[in-house]
Protein chains: 2
Amino acid sequence: MSLRHAVLGLLAERPASGYDLMKRFESSLSNVWPATQSQVYGELGKLATAGLLTVAAEGPRGRKEYAITEEGRAELHHWLIETEPERFRRSEVLLRVFFLGSVSRFEAHTYLELEAARSDRFHEALKDLEGSVEWGDDQMSVYGRLALEYGLRQTAMQAEWARWAARQI
Amino acid sequence: MSLRHAVLGLLAERPASGYDLMKRFESSLSNVWPATQSQVYGELGKLATAGLLTVAAEGPRGRKEYAITEEGRAELHHWLIETEPERFRRSEVLLRVFFLGSVSRFEAHTYLELEAARSDRFHEALKDLEGSVEWGDDQMSVYGRLALEYGLRQTAMQAEWARWAARQI
DNA sequence: ATTCTACCTTCCACTCTTGACAGGTCAATC
DNA sequence: GATTGACCTGTCAAGAGTGGAAGGTAGAAT
């Protein structure tokens, strides 16, 4: 249900075509809410039909620029403020932990150490990202930075936990 | 693709019926990999057809007790040791952060404080769970505890982050 | 003897997600 | 003038997950 709101949220900043949105999904949102082309275009159609978006302009190459409507803004605001986010859901990493009893202790230990190393790598990748992005004063910069900090803390926590867990076995 | 392995993992410990599995999905796995009845029964059928499970016994009320086969164990081991877990999943909480720029600063601040409170509540709920479970020496106890500790660290981190983020605005 | 509760499976209709295929056009470069 | 590459939209099949309805049986309690 959240792809709908992701699209609304991106269009709330400024109008864009499906193609533009895809690029933003691939860059800033890829780690938070990935989406494919077919999903984005499909959702744009549905949202336009529902009146939460309109085709503001048509450009070359059949480009359709979508803009959010007042109704769309109201829906976005409602979702953001008046509904509770789904708490944390599926985690393949944790699922595996539950079944570590079905392999040898050595293998379990190795798995957790590997997991720690993977978390470290991801942590470094995020740090690199932080260094490479041009942070401005726009909406995406300010709040994107908060999200990035979350990622940094998350990966650090994961690495620590995995090392701790490996020691427990 | 992981529901398949969740079912295999549970059956690796001991044979069970679909009904039994559902209870274990509802209790221990609910926070890590939720599944509905229709999914579980469907997957059992597919896995049996594929030869990774067999119907070990039939009981009263049409009960079918499934047991994992050697082939199933091999697949579970392969998944656990030789494949990489999906790293980052979707996070509705973070998605919202990206769009906090479309509401007032006050609302954004309130949202983050609320998020901190929600994380605290979840943290406490996990602590209660930890206190109420009878921890034994079995597979699920040992490794379930590792997963629980992850949850505790995760919720603590979330609360800290949300308070920090609220201060940034 | 009846009723209740827990046990147990199957099916269906829907949405969300993935991955690919298919096509067309503008603008600049060689 | 031809090629290339970025731009741009659309559709389809299949899998994964959600939610609920439907239906039947064994055993325990009243």
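The structure presented is a predicted model; accordingly, all values stated were derived computationally and were not measured. Note that these values count all heavy atoms, side chains included, but never hydrogens, waters or copies made by symmetry. Order of the sequence lines fixes the chain letters, A, B, ..., with proteins taken first and strands second; residue numbering starts at 1 for each chain.
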Checklist entry - Looking just at side-chain N and O atoms, do A:Arg61 and A:Ser17 make a donor-acceptor pair shorter than 3.5 Å? => result no
Next on the checklist: I'd like the P distance from C:dG23 over to D:dC7, given in whole Å.
Outcome noted: 22 Å
Next on the checklist: Rounding to an integer number of Å, can you tell me how far B:Glu26 CD sits from C:dA6 C1'?
Outcome noted: 13 Å
Next on the checklist: Measure CH2/A:Trp33 against C1'/C:dT17 and give the value in whole Å, please.
Outcome noted: 11 Å
Next on the checklist: Counting distance alone, no hydrogens or angles: does the base of C:dG19 have a donor or acceptor under 3.5 Å from a partner atom on the side chain of A:Ser38?
Outcome noted: yes
Next on the checklist: With a 4.0 Å limit, can you tell me whether A:Arg63 has a side-chain N or O closer than that to the phosphate oxygens OP1/OP2 of D:dA6?
Outcome noted: no
Checklist entry - Rounded to whole angstroms, how far apart are CE on B:Met22 and C1' on D:dG20? => result 13 Å
Item to check | Between C1' of D:dT9 and CD of A:Glu58, the distance in whole Å | outcome: 11 Å
Next on the checklist: Distance check needed: D:dT9 C1' versus A:Glu65 CD, whole Å only.
Outcome noted: 15 Å
Checklist entry - Which nucleotide, D:dA16, D:dT18, D:dG10, lies nearest any side-chain atom of A:Arg90? => result D:dT18
Checklist entry - Is A:Thr36 touching bases, backbone alone, or none of the nucleic acid, heavy atoms closer than 4.0 Å? => result base
Next on the checklist: Please compare A:Gln37 and A:Gly62 by the position of their nearest nucleotide in DNA chain C and report the one closer to 5'.
Outcome noted: A:Gln37
Item to check | Under 3.5 Å: donor-acceptor pair, side chain of A:Tyr41, backbone of A:Tyr19 | outcome: yes
Checklist outcome for this item: Atom NE2 of B:His5 and atom P of D:dG17 are separated, to the nearest Å, by 12 Å
Checklist entry - Could you state the OH-P distance from B:Tyr41 to C:dC7, rounded to the nearest angstrom? => result 11 Å
Next on the checklist: Is there a side-chain contact between B:Lys64 and the phosphate of C:dT10, meaning an N or O under 4.0 Å from OP1 or OP2?
Outcome noted: yes
Checklist entry - When we call it a touch if two heavy atoms are under 4.0 Å apart, what does A:Arg4 touch: a base, just sugar-phosphate, or nothing? => result nothing
Checklist entry - Is the side chain of A:Thr155 donor-acceptor paired with the backbone N or O of A:Phe122 at a distance under 3.5 Å, no angle test? => result no
Checklist entry - Do A:Glu92 and B:His5 have side-chain N/O donor and acceptor atoms under 3.5 Å apart? => result no
Checklist entry - Do B:His123 and B:Gln154 meet the criterion of a side-chain donor-acceptor pair at a distance under 3.5 Å? => result no
Item to check | Whole-Å gap separating P (C:dC11) and CD (B:Gln39) | outcome: 17 Å
Checklist entry - With respect to the side chain of B:Ser17, which nucleotide from D:dT9, D:dA26, C:dT9 is positioned closest? => result C:dT9
Item to check | Base C:dC26 paired with A:Arg61 side chain (donor-acceptor, <3.5 Å) | outcome: yes
Checklist entry - Among D:dT18, C:dT17, D:dC7, which nucleotide sits nearest the side chain of A:Leu3? => result C:dT17
